[in-house]
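In what follows, a structure is listed as structure tokens, so that the remarks can point back to it.
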Amino acid sequence: MTETVNYPLPTVHLNGTGKKMLLEGNTRILGAINEVKEAIQSCEFHARDYYVQDANYPAVDGTDAFSRAYNERQKHLQALAEMERYFMNHVEHLIEQ
């Protein structure tokens, strides 16, 4: 079941894009997001690659260079998760029609 969202989702109707095409497009996007997630998970991300930068990025609020890099990465992973939910809502909505 589609979660309640505060943005419009497509309606399949006679004069619009066909359901099959809408589903294929949105499903393809979800597949691409999954590939990006897999690439991120397989990409090495370790504190040893950042500690030498501590002199260039002095601690701010107690965070060193790796912590700041980690927080930035988390921000982008969250945006990716939100994007995935957005397109999943489209797919689920289309399936229900």
Handout entry: Minimal non-hydrogen separation, Gln53 against Ala65, with atom names
Key = CB-CB, 4.0 Å
Handout entry: Single-linkage hydrophobic cluster, 4.5 Å side-chain cutoff, Leu30 and Ile95 together
Key = yes
Practice task
Treating Ile, Leu, Val, Met, Phe, Trp and Tyr as nodes and any side-chain heavy-atom pair under 4.5 angstrom as an edge, say whether Tyr51 and Phe45 lie in one connected cluster.
Solution key: no
Completion exercise
NE2 of His76 to CE of Met83, rounded to nearest 0.5 Å, is 12.0 Å
Exercise for the section: State plainly whether one hydrophobic cluster holds both Met88 and Met21, where clusters connect Ile, Leu, Val, Met, Phe, Trp and Tyr through side-chain heavy atoms under 4.5 angstrom apart. Expected result: no
Problem - Sequence neighbours excluded, every pair satisfying salt bridge (charged side-chain N to carboxylate O under 4.0 Å, His left out) that has a member inside residues 31-45 - result: Lys37-Glu84, Glu44-Arg48
Handout entry: Arg28 atom CZ, over 12 foreign heavy atoms within 6.0 Å
Key = no
Problem - Heavy-atom check, side chain of Glu82 versus side chain of Gln78, under 4.5 Å - result: yes
Practice task
Give a yes or no on whether Leu77 and Tyr86 share a hydrophobic cluster (residues Ile, Leu, Val, Met, Phe, Trp, Tyr; joining criterion: side-chain heavy atoms under 4.5 Å apart).
Solution key: yes
Exercise for the section: Using the side-chain contact (heavy atoms from CB on, under 4.5 Å) rule, pick out the option among Leu23, Leu94, Thr17 that qualifies with Val12. Expected result: Leu94
Handout entry: Phe66 atom CZ: more than 12 heavy-atom contacts under 6.0 Å
Key = yes
Practice task
Indicate yes or no: at least one non-hydrogen side-chain atom of Glu24 is less than 4.5 angstrom from one of Thr27.
Solution key: no
Exercise for the section: Identify whether Ile29 and Val5 are in the same connected component of the hydrophobic contact network (ILVMFWY, side-chain heavy atoms under 4.5 Å). Expected result: yes
Handout entry: Ring geometry between Tyr7 and His90 (parallel below 30°, tilted from 30 to 60°, perpendicular above 60°)
Key = parallel
Problem - Shortest non-hydrogen contact from Ser42 toward Ala39 - result: OG-O, 3.1 Å
